[in-house]
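No hydrogens, no waters, no symmetry mates; every other heavy atom, side chains included, goes into these values. Keep in mind it's a predicted model, so treat the numbers as computed, not measured.
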Amino acid sequence: MRIRGILAAFVVALSVVLMAGLVQSGVDLLRADRAAATKTNRTTAEPELTDAGAGTQVQLRAVTFNMCGGLCNKGSTNLLHHVEKEINSFAPAHLVMLQEVCYSQFEWFKSTYAGTYEFSFTPLLTNYPTCGAPDCSVNMDSDPNNDDKRCWIGQVLGARGALGAKDEIPLGGESYQIDNSGNPIPLPRTFTALCHDVTLAGIAGKVKGCSVHLRAWDDANGVSDRARSAQAARLASELDADIDAGKVVVVGGDFNMVPQPHKGPGLDSFYRPDAAPGGGIGRFYEADTTDTRDPDGTGPDPALWTLPEPDCVAPATTCRSGQSTTLDLSPLSNDQRNSKIDHLFFSEATTTDSLSGGPRPMYFEDAARTTITQDPVEAARDANGKYLKLSDHTFFRGWATVTVS
């Protein structure tokens, strides 16, 4: 049983008031994570942020990215500067949620952003050889003290400021993990939402961020779909107390579920009753809704939304909809809107039109993988015609306007 009542003592005193109303969990293994180093490798200038005054509306910005650090990048850190550039281009990104991050890559983020962000990690798998370790058998015994961390892959949460109380929420879904054909997957995952209370630069208030990765696969009998639907419901339920305590809760990650209710009710626990079509029973707004504005005020770059009817039309003000966040191996088509499986949820917003968000694909424009493009037409391809890309997911960014009290 997790004891969460004591966490409130660690939360910052000022509040943000919103008007709308992998074999093991890694909990014990990772509580002794090293403090961030004082030296930073950053070369880009950082804006100076001061806490907004009472009554001021500010943008709470967050990004989420399943970076496919193992399967696509083999634990390498050589291409992470592309991710760094995307984070920096959305400055200030107050919260950074990353999934499928190898432990070596987590350490790269900690070092690169030391002094600006603090980062935390929890494993999805502790015996994952695709992160670059030659042999992960040592991690499969009963002694966690001899683990080779090069075999770890999991979720990362970063805060532009300081990480406070850590809350690793077990989501279940470990039983009977099967692939699309109904066969047991060879490396079962452990599903934990990595959450922290955070103190953010430029925002005085109580904020909690969570990075999540839910169960994958789509078998014919719906076994995996039922499991991740239960995972989403449990996570939403566990966060109720934080919302009732006045915290702004931001949840980002790979949910492996699409938003449209006719495709499945798995996200009903997150979407609010007024989200069109179909509504839900949740308390969250998703960033990729009807707003087409760019949060930097410079216009769409690229266009952050939108989908046509019948998904979301007036008088609806918030929607269960959004652009695809997955990258196919063939050219993207308009039909891929239903492959939006990465989401960025905010527990409240001052108004529904104060939300914005959307995906930014990260294709490589050259075979040497030195330049990123968001346009698949400009993307380089391998000898088999497959796109060269950093991940099979897009980099997803969004924001909500909150009022400092």
Next on the checklist: Give me each pair satisfying disulfide (SG to SG under 2.5 Å) with a member in residues 169-252, each pair once, sequence neighbours excluded.
Outcome noted: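 Sorted result for residues 169-252: Cys195-Cys210.
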
Would you say the side chain of [Y] lies within less than 4.5 Å of the side chain of [X], judging by non-hydrogen atoms?
X	Y	answer
Val207	Lys247	no
Lys110	Val156	no
Thr192	Thr190	yes
Met67	Leu80	yes
Phe119	Leu163	no
Lys386	Arg381	no
Phe395	Val63	yes
Ile169	Leu235	yes

My understanding is that only residues two or more places apart in sequence, or in another chain, count here; which of them pass salt bridge (Lys or Arg N to Asp or Glu O under 4.0 Å) with [X]?
X	answer
Asp219	none
Asp244	Arg283
Glu100	none

Checklist entry - Listed by chain and number, what are the ring pair (Phe, Tyr, Trp, His ring centres under 6.0 Å) partners of His343, not counting sequence neighbours? => result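 Testing His343 for ring pair (Phe, Tyr, Trp, His ring centres under 6.0 Å), a comparison that skips the adjacent residues, returns Phe255, Phe345.
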
So, for [X] and [Y], which heavy atoms are closest and what is the spacing to 0.1 Å?
X	Y	result
Gly75	Cys102	CA-SG, 3.6 Å
Phe270	Ala236	CE1-CB, 3.9 Å
Phe65	Ser391	CZ-CB, 3.7 Å
Tyr128	Leu71	OH-N, 3.8 Å

Item to check | Derivation and outcome, side-chain contact (heavy atoms from CB on, under 4.5 Å), residues Ile341 and Thr326 | outcome: CA-CA 7 Å; Ile341 60 174; Thr326 60; 3.5 Å; yes

Reported [atom1]-to-[atom2] distance for the pair [X] and [Y], which is rounded to 0.5 angstrom:
X	Y	atom1	atom2	answer
Tyr113	Ile87	OH	CD1	4.0 Å
Arg215	Arg189	CZ	CZ	10.5 Å
Thr373	Lys389	OG1	NZ	14.5 Å
Glu118	Leu157	CD	CG	10.5 Å
Leu60	His94	CG	NE2	6.5 Å
Gln59	Ile203	CD	CD1	9.0 Å

Between [X] and [Y], does at least one N-O distance fall below 4.0 Å, as a salt bridge requires?
X	Y	value
Arg397	Asp288	no
Asp225	Arg228	yes
Lys340	Glu286	yes

Are any side-chain N or O atoms of [X] and backbone N or O atoms of [Y], one a donor and one an acceptor, separated by less than 3.5 Å?
X	Y	result
His82	Arg369	yes
Glu365	Glu378	no
Ser237	Arg234	no
Asp147	Lys149	no
Thr130	Gly70	no
Ser354	Thr351	yes

Checklist entry - Using a distance-only test with no angle check, is there a side-chain donor-acceptor pair under 3.5 angstrom linking Ser211 and Gln99? => result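 Yes, a side-chain donor-acceptor pair sits under 3.5 Å.
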
Checklist entry - Are a donor atom and an acceptor atom from the side chains of Thr122 and Glu168 found within less than 3.5 Å of each other? => result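 The answer is yes; a qualifying pair exists.
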
Item to check | Evaluation steps, salt bridge (charged side-chain N to carboxylate O under 4.0 Å, His left out), between Lys206 and Asp242 | outcome: CA-CA 10 Å; Lys206 295 188 291 185; Asp242 295 292; over 6 Å; no

Next on the checklist: With ring pair (Phe, Tyr, Trp, His ring centres under 6.0 Å) as the criterion, how do Phe346 and Tyr285 come out once you've worked through the C-alpha distance, each side chain's angles and the decisive distance to 0.1 Å?
Outcome noted: CA-CA 5 Å; Phe346 294 85; Tyr285 296 96; 9.2 Å; no

Checklist entry - Please walk me through it: do Thr370 and Phe364 pass side-chain contact (heavy atoms from CB on, under 4.5 Å)? => result CA-CA 7 Å; Thr370 60; Phe364 288 107; over 6 Å; no

Item to check | Over 12 foreign heavy atoms within 6.0 Å of NZ, Lys85 | outcome: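 No - once you tally the heavy atoms of other residues, nucleotides and ligands closer than 6.0 Å, there are 12 at most.
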
Checklist entry - What residue pairs, at least two apart or across chains, pass side chain to side chain donor-acceptor pair (under 3.5 Å) with a residue in residues 174-185? => result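 The answer is none; no pair qualifies.
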
Next on the checklist: The test is side-chain contact (heavy atoms from CB on, under 4.5 Å); show your working for Asn127 and Trp152 and say whether it passes.
Outcome noted: CA-CA 6 Å; Asn127 59 344; Trp152 289 5; over 6 Å; no

Next on the checklist: Working note: Glu348 + Arg272, criterion side-chain contact (heavy atoms from CB on, under 4.5 Å); need CA distance, chi angles, decisive distance, verdict.
Outcome noted: CA-CA 10 Å; Glu348 299 289 351; Arg272 294 168 55 87; 3.7 Å; yes

Item to check | Ring centre gap for Phe106 and Tyr103 strictly below 6.0 Å | outcome: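 That pair passes the under 6.0 Å test.
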
